[in-house]
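One structure is given here, and the rest of the page talks about it.
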Protein chains: 2
Amino acid sequence: MPDGELASFADFCKRQGLKITHQRLEIYREVLQMTGHPDAETVYERVREKIPVISLDTVYRTLRLFEEKGIIRKLGMQNDRARFDANITPHHHFICVKCGLIKDFYSKELNDYHPDNDVPDVADIQSVHIEIRGICQNCKNNHG
Amino acid sequence: MPDGELASFADFCKRQGLKITHQRLEIYREVLQMTGHPDAETVYERVREKIPVISLDTVYRTLRLFEEKGIIRKLGMQNDRARFDANITPHHHFICVKCGLIKDFYSKELNDYHPDNDVPDVADIQSVHIEIRGICQNCKNNHG
DNA sequence: CTTAATGCAAAACATTTGCAACAAC
DNA sequence: GTTGTTGCAAATGTTTTGCATTAAG
């Protein structure tokens, strides 16, 4: 479902060998509709208006499934634990999705970037932080 | 302690009215030393080699304290819950630190950014994601 | 009918908190 | 001595899992 159309959700499920359940349809419909980047609990509350007997863990399971299949995205850190950094100078992070390495980097180019033109509703900017995900040299060399 | 020197840690504590305990000293020393962006558990294991009787919740409490005082930084999402996004086209986020609003934005300028020059150890890039933190217009208008 | 998905309750996990004992000042 | 900090254990909050029941194909 690369284009996010609800109509092709059924086709997508068939292609992936997934059953099209009432719960999955409503969960996907809600996440599509909610532009506010909801958490699982919020999705649960909204879907419950349509399917009162749905359980919270079905919402969790379904969101995880959708994320694995690439039709929705999970924001923030992938792992559950918080990580800390004693480097408090402005810098950015490269994260290797294979080994979990986090590497600091700096960028003259990005320091000159002024987001004001791109973000209309912003009043004051406190920080601009880039997160690059990919594969590090080490992982690429070791296993393809 | 803006410059991250261990020597001035004592001064910093005095200025902030914090007691300089054995635990705080060792926790700060470890986080300074570990460039790999450790989680609380990892810091705990390392500090335990110096102070075997230290408890995990002291590590949590101390890291939280350090973060509040601005001498270390917590990576990733500030809130505990995962959030989901059905918009899977490449885009970036502005996050209001007051009301928690997350707003998508796009940038022609950023799409042209090639991080290769800045990040030496990267082999393949999967995504470049910017997270801007600040105050939104609405929050600024409503309460100073 | 067969297989996968759901709901329930319980578990697992990271993180926080109340409180008495303790250490820093 | 006074006050803030620690360690312990228990609580919290989010997310996951085992299993019997149910619904989809």
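Note that this is a predicted model, so its numbers are computed, not measured. All chains are named by letter (A, B, ...) in the order of the sequence lines, taking the proteins before the strands, and each is independently numbered beginning at 1.
Phe66(A) and Tyr28(A) have perpendicular rings, their planes meeting at more than 60° on a 0 to 90° scale where under 30° would count as parallel.
Separating the CD1 atom of Ile51(A) from the P atom of dT6(C) is a distance of 9 Å, rounded to the nearest angstrom. Separating the CG atom of Leu63(A) from the P atom of dT14(D) is a distance of 15 Å, rounded to the nearest angstrom. In this structure, Glu26(B) atom CD and dA24(C) atom C1' are separated by 17 Å, rounded to whole Å. Atom C1' of nucleotide dT5(D) and atom CD1 of Ile54(B) are separated by 11 Å, given to the nearest angstrom. Rounded to whole Å, atom C1' of dT15(C) lies 14 Å from atom CD of Glu68(B). The separation between Lys14(A) atom NZ and dG25(D) atom P is 8 Å, rounded to whole Å. Atom CG of Leu25(A) and atom C1' of dA5(C) are 14 Å apart (whole Å). If you take OH of Tyr44(B) and P of dC8(D), they are 8 Å apart, rounded to a whole angstrom.
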(request) Take Leu65(A) and Leu18(A) through the side-chain contact (heavy atoms from CB on, under 4.5 Å) test and state the conclusion after the steps. (result) CA-CA 10 Å; Leu65(A) 177 74; Leu18(A) 300 174; 4.1 Å; yes

(request) Determine, stepwise, if the pair His37(B) / Asp104(A) fulfils side-chain hydrogen bond (donor to acceptor under 3.5 Å, both in side chains). (result) CA-CA 9 Å; His37(B) 310 80; Asp104(A) 293 354; 2.6 Å; yes

(request) May I have the step-by-step check of side-chain hydrogen bond (donor to acceptor under 3.5 Å, both in side chains) for His91(A) and Asp85(A), ending in yes or no? (result) CA-CA 11 Å; His91(A) 66 278; Asp85(A) 192 352; 3.0 Å; yes

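Between Val59(B) and Asp39(A), it is Val59(B) whose nearest contact on DNA chain D lies nearer the 5' terminus.
For Lys14(B), the NZ atom sits in a loose shell: 12 or fewer heavy atoms of surrounding residues, nucleotides or ligands are nearer than 6.0 Å.
Here Gln23(A) lies in heavy-atom contact (under 4.0 Å) with sugar-phosphate atoms only.
In this structure, Phe84(A) is a member of the same hydrophobic cluster as Val59(B), with clusters built from ILVMFWY side-chain heavy atoms closer than 4.5 Å.
Thr42(B) and Asp39(B) form a side-chain donor-acceptor contact under 3.5 Å, judged by distance and modelled atom types alone.
Overall, the helix from dC1(C)-dG25(D) to dC25(C)-dG1(D) carries an axis bend of 40° between its ends, with five pairs at each end and the value rounded to 10°.
Asp57(B) has a carboxylate O that lies under 4.0 Å from a charged side-chain N of Arg61(B), or vice versa, which qualifies the two as a salt bridge. By the 4.0 Å N-to-carboxylate-O rule, Glu67(A) lies too far from Arg64(A) to be salt-bridged with it. Salt bridge status for Arg29(B) with Glu26(B): present, with a side-chain N to carboxylate O gap under 4.0 Å.
In this structure, the nucleotide among dT15(D), dT14(D), dG7(C) sitting nearest to the side chain of Arg81(B) is dT14(D). Across dT15(C), dC25(C), dC8(C), the shortest atom-to-atom separation from the side chain of Ile20(B) is found for dC25(C).
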Distances under 3.5 Å between nitrogen or oxygen atoms of protein and nucleotides 1-4 of chain D:
{"unit_1": "dT3(D)", "atom_1": "O2", "unit_2": "Lys19(B)", "atom_2": "NZ", "d": "2.6"}
{"unit_1": "dG4(D)", "atom_1": "O4'", "unit_2": "Lys19(B)", "atom_2": "NZ", "d": "3.2"}

Dump the pairs, protein N or O against N or O of nucleotides 16-18 of chain C, anything under 3.5 Å, distances to one decimal.
{"unit_1": "dT16(C)", "atom_1": "OP2", "unit_2": "Arg64(B)", "atom_2": "NE", "d": "3.4"}

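Close to dT5(D), at under 4.0 Å from its OP1 or OP2, lies no side-chain N or O of Thr58(B). Between Thr62(A) and dA5(C) there is no side-chain polar atom (N or O) within less than 4.0 angstrom of OP1 or OP2.
Atoms CD1 and CG, from Ile95(B) and Leu101(B) in turn, are 9.5 Å apart once rounded to the nearest 0.5 Å.
Checked by atom type and distance alone, the side chain of Thr58(A) never pairs as donor or acceptor with a backbone atom of Ile54(A) at under 3.5 Å.
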